[in-house]
Amino acid sequence: MGKFYVTTAIDYVNGVPHIGHAYEKILTDVIYRHYTQRCENTFFLTGTDEHGIKIQKTSAEKGISPKEFCDMNAQSFKDAWKKLDIGYSKFIRTTDEEHEKVVQKIFQKLLDKGDIYKHAYTGLYCSGCEAFLSEKDLTEDGLCPDHQKKPEVVSEENYFFKLTKYKDAIIKHIQTHPDFIMPSWRATEVLNQLEHIEDISVSRSKSNVSWNIPVLNDDEQGIYVWIDALSNYITAIGYDPDGSSDLFKALWPVDVHVIGKDILKFHSIYWIGILMALDLPLPKHIFAHGWITIDQTKMSKSLGNVISPTSILESFNLEIPDPLRYYMATSAPCGKDGNYSDDDFKEKVNAHLANSMGNLLNRTLSMLVKYFDGDIKPGFLGKNELTEQAVNTIKAVKHHFDYFEIAEAGQKIIELVDITNKYVTDNAPWTLAKEGNMERCGVVLTNVLEVMCVITSLIYPYCPNIARSMSDQLSYNLDTKLDNLTCSNLKSGHLIDKENIKPVFLRMDSELADKAQKIK
RNA sequence: GGCUGAGUAGCUCAGUUGGUGAGAGCGCACGGCUCAUACCCGUGAGGUCGACGGUUCGAAUCCAUCCUCAGCUACCA
């Protein structure tokens, strides 16, 4: 494989990051890191969506300019991602000058083409939604169900995008590309929505909303979210109607847009329509993930159970984000909702990362030092009975990632860990050593260490810090591509000294958990 | 109302096109081991596989009806 381009949704900076935002970035980062192990040229885009009336209003309430407000919140997103080791290649903000300029050009191009037209209408406008509502959307009292406010009757002339023109083509594309929308069962949902689609309004009157990108040659209108926000996926890498960058040519079409299930409609219908209108190739995949619930309850501000990603790291006293990354990435089956609870988090992470995986490396290296002074003798190499299992796991993990089954892939890795732990117990190197069967003892330990190298590579996307610690102790090259990954990674000679053997992840003990409970 | 998905051991879930006594992980209990991060390995607890029918020699797995949950989406008022 050559290149791999992956994006997250860009987050609206009206608030600070919570665990739902983090979930998506972690998933995407795991996907991204996995593909860096398979491709030469990879790119990971994330960022923030910064225009619109909500930001205009919130910043006004705070008495600061919208830009200042955005700067502040965008930074808090960047800070959070840093703490989670989200290794994005670029962080785009829709207020970036370059983005704004290209969005204006895109708008103009569609206007010139006739795919955007002006249309006057009267409707019920809810400023909270920043959208027109139809009567049937309202409550019995005639209020907006989301904002409990009475919408105003507004007469407005806006620009509309001819989405209906592309309706049939979009339907056909979805039908003929079963892996376009993933998980595939969500495609039915989208096809259903397509039946009732209408042209979408893509501008707002400047008198209602001032914090947006102006339409060129029209002082009355500003560009609304669809063309502004969705375009980030192409403007960020240098798309330009007048001639795109080499980076864009190398990366587009995107391999996968990772998004939440709530915005699938916008990505699989609106965005696809826009791309068709721009004569650009379509995304290879759109992956809609589920939600993270907290203790089986939906996270929401009104319930007051919004959790920030970093508060989990702090309350458990974690110095590395790996456990949280691992838990997030493996707790929800592909595309479905997952749940977070403190107990479950601690349980899973202790069991998999500390007890099984970490301890396996630790016990094996300890024996190598105890029985062989940390040396691997030439005769220990090349007779690995676990090769087949390891190779099968590599295959299975790659296969799962092809379908963005991140949790399922993680499960396979831990299965290999379990198999290897059992192999150690079954072969009891400590007994072999006592019996003086040193050759066999060395072979067994080396076999395990070879598999540990494989595990190190496979776990890396989930736990980059732990993987690095493992690779250090194994003198293993973590840059090894998965296609070249075998069970022959070690060389004969001295591997490690006793003082360099370190647990890669310590159990979170009950004391810490209690402390976390108190904070909560 | 329609459509889609889901309801399987305490918890989280696997269960291809129906067929040896219904599974995994975690948790729990007991046993083993002692290299290791009180870790690992083994054994067990008996869950009417949402409900009631039906098809079949035989269904968790197919069909009908119903209940619950989640999501998408109408229509009548």
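Throughout, a chain's letter reflects where its sequence line sits, starting with A, and its residues are numbered from 1.
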In whole angstrom, what separates A:Asp343's CG from B:C28's C1'? 15 Å
From CG of A:Asp418 across to C1' of B:C26 the rounded distance in Å is 11 Å
Can you find a side chain N or O atom of A:Gln193 that sits less than 4.0 Å from OP1 or OP2 on B:C72? no
Nearest-Å distance, CZ (A:Arg363) to P (B:C41)? 7 Å
Examine B:U37: is either OP1 or OP2 under 4.0 Å from a nitrogen or oxygen in the side chain of A:Asn362? Give yes or no. yes
Describe, in one word, how the ring planes of A:His289 and A:Phe287 are oriented to each other, choosing from parallel (under 30°), tilted (30 to 60°) and perpendicular (over 60°). perpendicular
Nearest-angstrom distance, C1' atom, B:U4 to B:A74: 15 Å
Find the distance A:Tyr327:OH to B:C26:P and express it as a whole number of Å. 15 Å
Taking atom C1' in both B:U17 and B:U12, compute the distance separating them and give it to the nearest angstrom. 28 Å
Please determine whether a side-chain nitrogen of the Lys or Arg among A:Arg38 and A:Asp402 lies less than 4.0 Å from a carboxylate oxygen of the Asp or Glu. yes
Do A:Phe161 and A:Tyr270 have side-chain heavy atoms sitting under 4.5 Å apart? no
With C1' as the reference atom in both, quote the distance from B:G7 to B:C13 in angstrom, rounded to an integer. 12 Å
Say we look at B:G54 and B:C66: how far apart would their C1' atoms be, to the nearest angstrom? 14 Å
Interatomic distance where CD belongs to A:Glu189 and P belongs to B:A74 [whole Å]: 12 Å
Please confirm whether the backbone N or O of A:Pro321 pairs with a side-chain atom of A:Asp85, one donor and one acceptor, at under 3.5 Å? no
Side chains of A:Asp29 and A:Arg325: closer than 4.5 Å at any heavy-atom pair? yes
B:A29 and B:U73, which share atom name P, separated by this distance in whole Å: 48 Å
Does A:Lys412 NZ have over 12 foreign heavy atoms under 6.0 Å away? no
Would A:Gln389 and A:Tyr423 count as having a side-chain donor-acceptor pair, cut-off 3.5 Å? no
CG of A:Asn355 versus C1' of B:C40: gap in Å, rounded? 9 Å
Using the C1' atom as the point on both nucleotides, what is the distance between B:G15 and B:G53, in whole Å? 25 Å
Going by heavy atoms closer than 4.0 Å, what residues in residues 364-379 of chain A are next to RNA chain B? A:Ser366, A:Met367, A:Lys370, A:Tyr371
Nearest-angstrom distance, P atom, B:A22 to B:U61: 14 Å
I'd like to know whether CD of A:Gln411 has more than 12 heavy-atom contacts from other residues, nucleotides or ligands below 6.0 angstrom. no
If one requires at least 3 consecutive Watson-Crick or G-U pairs with distances under 3.5 Å, the stems of RNA chain B turn out to be B:1-7 with B:67-73, B:10-13 with B:23-26, B:28-32 with B:40-44
Please report the distance, rounded to the nearest Å, between NZ in A:Lys412 and P in B:G25. 13 Å
For the residue pair A:Tyr233 and A:His257, does the interplanar ring angle fall in the parallel (under 30°), tilted (30 to 60°) or perpendicular (over 60°) class? tilted
Give me the residues of residues 420-444 of chain A where at least one heavy atom lies under 4.0 Å from an atom of RNA chain B, by number, or none. A:Asn421, A:Lys422, A:Thr425, A:Trp430, A:Lys434
Expressed in angstrom and rounded to an integer, what is the separation of A:Gln411 atom CD from B:A24 atom P? 13 Å
Would the number of heavy atoms belonging to other residues, nucleotides or ligands and lying under 6.0 Å from NZ of A:Lys165 be above 12? yes
Do the ring planes of A:His34 and A:Phe401 sit parallel (below 30°), tilted (30 to 60°) or perpendicular (above 60°)? parallel
Aromatic ring proximity A:Tyr462/A:His352, centre distance under 6.0 Å: no
Interatomic distance at C1', B:G47 relative to B:G23, whole Å: 11 Å
What nucleic acid atoms does A:Asn192 come within less than 4.0 Å of, heavy atoms only: base, sugar-phosphate, or nothing? base
Comparing nearest nucleotides in RNA chain B, the 5'-proximal residue of the pair A:Gly358, A:Glu415 is A:Glu415
If you look at every strand shown and take non-hydrogen atoms under 4.0 Å, does A:Val190 touch a base, only sugar-phosphate, or nothing? nothing
Do other residues, nucleotides or ligands put more than 12 heavy atoms under 6.0 Å from the CD atom of A:Glu499? yes
